[in-house]
There are 2 protein chains.
Amino acid sequence: MTRDDVAGDATSSASRSPVTLRVVAREAGVALATASRALDPRSRYVAEDVRRRVRETAERLGYRPNASARATSTGSAPTIAVLVSDIRDPYNAKLVHGAIEAAQPAGLMVTINGTEHVIDDEIRVVRMLRSQRPMAMMLTGTRTGNMASRTALLQEIERYQHDGGPVVAAGDDEFPFDTAVVPRRAGARALITELARVGYASFALVASDVASVATREWEAGVVEGARQAGVRIDHVTTMRVPMTRDGGFAAASRMLRDGHRVDAILAPSDTMAIGVMSAARAAGLTPGQDIGVAGFDDVFETDDITPGLSSVDLALEKVGRSAVDLLLTAPTPERRRATFEPRVALRATTPARR
Amino acid sequence: MTRDDVAGDATSSASRSPVTLRVVAREAGVALATASRALDPRSRYVAEDVRRRVRETAERLGYRPNASARATSTGSAPTIAVLVSDIRDPYNAKLVHGAIEAAQPAGLMVTINGTEHVIDDEIRVVRMLRSQRPMAMMLTGTRTGNMASRTALLQEIERYQHDGGPVVAAGDDEFPFDTAVVPRRAGARALITELARVGYASFALVASDVASVATREWEAGVVEGARQAGVRIDHVTTMRVPMTRDGGFAAASRMLRDGHRVDAILAPSDTMAIGVMSAARAAGLTPGQDIGVAGFDDVFETDDITPGLSSVDLALEKVGRSAVDLLLTAPTPERRRATFEPRVALRATTPARR
DNA sequence: CTGAAAGCGCTTACAG
DNA sequence: CTGAAAGCGCTTACAG
């Protein structure tokens, strides 16, 4: 009753080569071309019994078509290349997850390339990506970097487009590609409208001027909403800080030190809002009690963290999914924009006032 | 002073084909083989001036080598295929981020494939991945699923290995591959040791029996640590729940309803611990005050969420990086395990007692 | 419906 | 050091 029959041949492991279509064809007794067709679901004109026989043979041999060979034959790989600044950022993770969800049923792989928020790094990465001849490219997250870098990036991407590669963006409406637009402006507008409705009348904004487009859109939405709702934006603190917890802390600290007193502080991301809360506490204010705090993104999605952070759900997974859908449908002569419904989530950091 | 010279030919955009090595060679006045060598940094025996000329030509034409063609020629793609259950989970995101960091300098792409925690889905994905002929495969996160699925998955992976493909795991020590092991056991041991040191004497564990290996390792570490430190594990509630906030809530609720009273409740992930905190509050207990709560993973990494959740930093990014390093170094006859130093982070949910 | 052949864009012995 | 040629594993007109 030994188990020797179960154990494989452990010694002769590596470096055999995978089963090839040629082998499958030979074993099934057909020509290479026939085997190719039999295995291609889109190919008409194959006798049913031949098809079955070839498929069974392929299955039995554990045949897997060589995607690279297929790609060099057809000219492009069944791959969507996604540029993402930092996959640990839940904002990006949600976009990417949505993209993967939409890509898999279409038989497409998603390739992730980190760029660490540095636009010059992105240029390098796009160069690398062009080599892959991916079916499409997708830009995600927020761009930073100066005008020159930006132009260089666009140029590298345009080379890809020039060769017929479709490009889509998921995020801000800042590039001349089809874009699944994160509803920042509408979301910001809805947020301040809601807050006004539950009794907030004066606001301070803390923002980073680094991730410019994202912040600008958010700020524009807040200002529009404030005007409509008849509430005041008393102070805007824009600092050259990253959109991180520490950035939010720094900006809010300065604002509070300057003596501004408002009903609520708004930040352009939840991560920054966490820093705002810390700054408030450091200044002796309890968020949700002495002062309202609201973020943006809704990446925490929870009331379990106390106090629950008010935020705006930007439908990021849908945005990611929709970006892939844009790639999957035929391009139109004019540029397309997919839009989404944001959802305001008021939680413990902004209880109703009065 | 028009800008026509800058604008490209906007009308005739798509479907031209990328510049090919053949074109570069012709333009540079050399043979195809010579161009290939001139562009290959590893290739000796190319006259310096020829190399320079070819490189300049390639640069000027915006040439990018066709990775697929190269891959079909060499037999494998410069790609690490990563299997990940859910990229939105910060645990996975950190592992993947580490992997990307290590892969990029080596000129390797990382391919992400979501599997939604379903092992049968993983089998499908591995089949797909085999087609890519990636340089290596990396398993990440926690496996679930029954014995049969598990065997089928291993079998599919073994086919890949059989063809000479290296496989590495980043996570639990549950597969017969080189593994960068997440230090769960040591981390759990260290956690309870620390807690004992600051005055905690009795504990309850809530766990999921779904993600078995991860939970088992954690539990084993806790039990070992408790024995060494001379503290009591009063109760273990293991429920058939996912390792989520809701899973933690359900298990902790049942435990508390059963009337168990302990100094602290421990959960095998931060996400579950968040649920535990909610359950405690629902039972009228304030975490960090009436009862201690500690998670595991340290995915939140922060004191800013109040009360700050005590946890164990499992060095996940290092684990991810190291997994790739294992792939990049020559394999050894015996299986390798890379290990890491966990770091206990005691925060507000477990203040020192007495 | 099937097969022989050309071609996709590279790499790499092999022979100068 | 360089070039002509074969080969990687597929797909796809083209001619039965």
Side-chain angles (χ1 to χ4, degrees), chain A residues 15-55 58 61-79 107 130-135 163-164, chain B residues 15-55 58 61-79 107 130-135 163-164:
Chain A
S15 277
R16 283 185 249 183
S17 53
V19 175
T20 219
L21 184 59
R22 174 176 310 283
V23 174
V24 174
R26 191 204 305 133
E27 290 286 305
V30 296
L32 188 63
T34 305
S36 177
R37 285 187 213 104
L39 260 22
D40 179 356
R42 300 189 327 279
S43 177
R44 308 274 15 174
Y45 310 122
V46 186
E48 248 333 297
D49 60 320
V50 172
R51 172 159 270 162
R52 194 162 350 116
R53 185 147 43 90
V54 172
R55 290 221 169 127
L61 300 178
Y63 170 73
R64 295 270 66 213
N66 181 323
S68 291
R70 179 175 284 171
T72 113
S73 190
T74 63
S76 95
T79 276
R130 287 212 293 130
S131 270
Q132 309 298 129
R133 308 284 191 272
M135 199 224 79
D163 296 337
Chain B
S15 279
R16 283 187 247 184
S17 53
V19 175
T20 221
L21 184 60
R22 174 176 310 281
V23 173
V24 174
R26 190 204 306 135
E27 290 286 304
V30 297
L32 188 64
T34 305
S36 176
R37 286 189 212 101
L39 261 21
D40 178 358
R42 300 187 328 276
S43 177
R44 309 273 14 170
Y45 310 122
V46 186
E48 250 331 299
D49 59 321
V50 172
R51 171 159 270 163
R52 194 162 350 112
R53 187 148 41 90
V54 173
R55 290 221 170 128
L61 300 178
Y63 170 73
R64 298 268 63 214
N66 181 323
S68 291
R70 180 176 282 170
T72 113
S73 191
T74 62
S76 95
T79 276
R130 286 212 292 131
S131 270
Q132 310 299 128
R133 307 284 190 273
M135 200 222 80
D163 296 335

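Letters A, B, ... mirror the listed sequences (proteins, then strands); counts begin at 1.
Residue whose closest nucleotide on DNA chain C sits further toward the 5' end, between B:Asn66 and A:Gly29: A:Gly29. DNA chain D is contacted by both B:Ala31 and B:Ser73; B:Ala31 maps to the nucleotide lying nearer its 5′ end (nearest heavy atom per residue). In terms of position on DNA chain D, the residue among B:Ala47 and A:Thr72 whose nearest nucleotide sits closer to the 5' end is B:Ala47.
Remark: the backbone N or O of B:Pro65 is paired with a side-chain donor or acceptor of A:Ser131 at under 3.5 angstrom. Remark: the backbone N or O of B:Pro18 is not paired with any side-chain donor or acceptor of A:Arg130 at under 3.5 angstrom. Using modelled atom types, one side-chain atom of B:Arg51 and one backbone atom of B:Arg37 make a donor-acceptor pair closer than 3.5 Å.
Rounded to whole Å, the distance from CG on A:Leu39 to P on D:dT11 is 8 Å. To the nearest angstrom, P of D:dC10 lies 13 Å from CD of B:Gln132. The nearest whole Å value for the distance from the CZ atom in A:Arg70 to the C1' atom in C:dC8 is 14 Å. The distance between atom CZ of A:Arg51 and atom P of C:dC1, rounded to the nearest whole Å, is 10 Å. In this structure, CZ of B:Arg42 is placed 7 Å from P of C:dT12, rounded to the nearest angstrom. Atom P of nucleotide C:dT11 and atom CZ of B:Arg133 are separated by 19 Å, given to the nearest angstrom. Taking atom CG on B:Leu32 and atom C1' on D:dT2, their separation rounds to 12 Å, with Å as the unit. Rounded to whole angstrom, the span from the CZ atom of A:Arg37 across to the C1' atom of C:dG3 amounts to 8 Å.
D:dA6 and D:dT2: their P atoms are spaced 22 Å apart (whole Å). The separation of C:dT12 from C:dG16, taken at their C1' atoms, amounts to 16 Å, rounded to a whole angstrom. Comparing the P positions of C:dC10 and C:dC14 gives a spacing of 24 Å, expressed to the nearest Å.
Between A:Thr34 and C:dC1 there is no side-chain N or O to OP1 or OP2 distance below 4.0 Å. Look at A:Tyr63 and you'll find a side-chain N or O under 4.0 angstrom from OP1 or OP2 of D:dC10.
Within the 4.0 angstrom heavy-atom criterion, only backbone atoms of the sugar-phosphate kind lie near B:Thr20; the bases stay farther away. Heavy atoms of A:Arg44 sit nowhere under 4.0 angstrom from any nucleic acid atom.
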**Q.** Pair B:Val24-B:Glu27, side-chain contact (heavy atoms from CB on, under 4.5 Å): steps then yes or no
**A.** CA-CA 5 Å; B:Val24 174; B:Glu27 290 286 304; 5.8 Å; no
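Within the 4.5 Å cutoff, the side chain of B:Leu21 has heavy atoms near those of the B:Leu39 side chain.
Using the Watson-Crick or G-U wobble rule with both distances under 3.5 Å, D:dC14 pairs with C:dG3.
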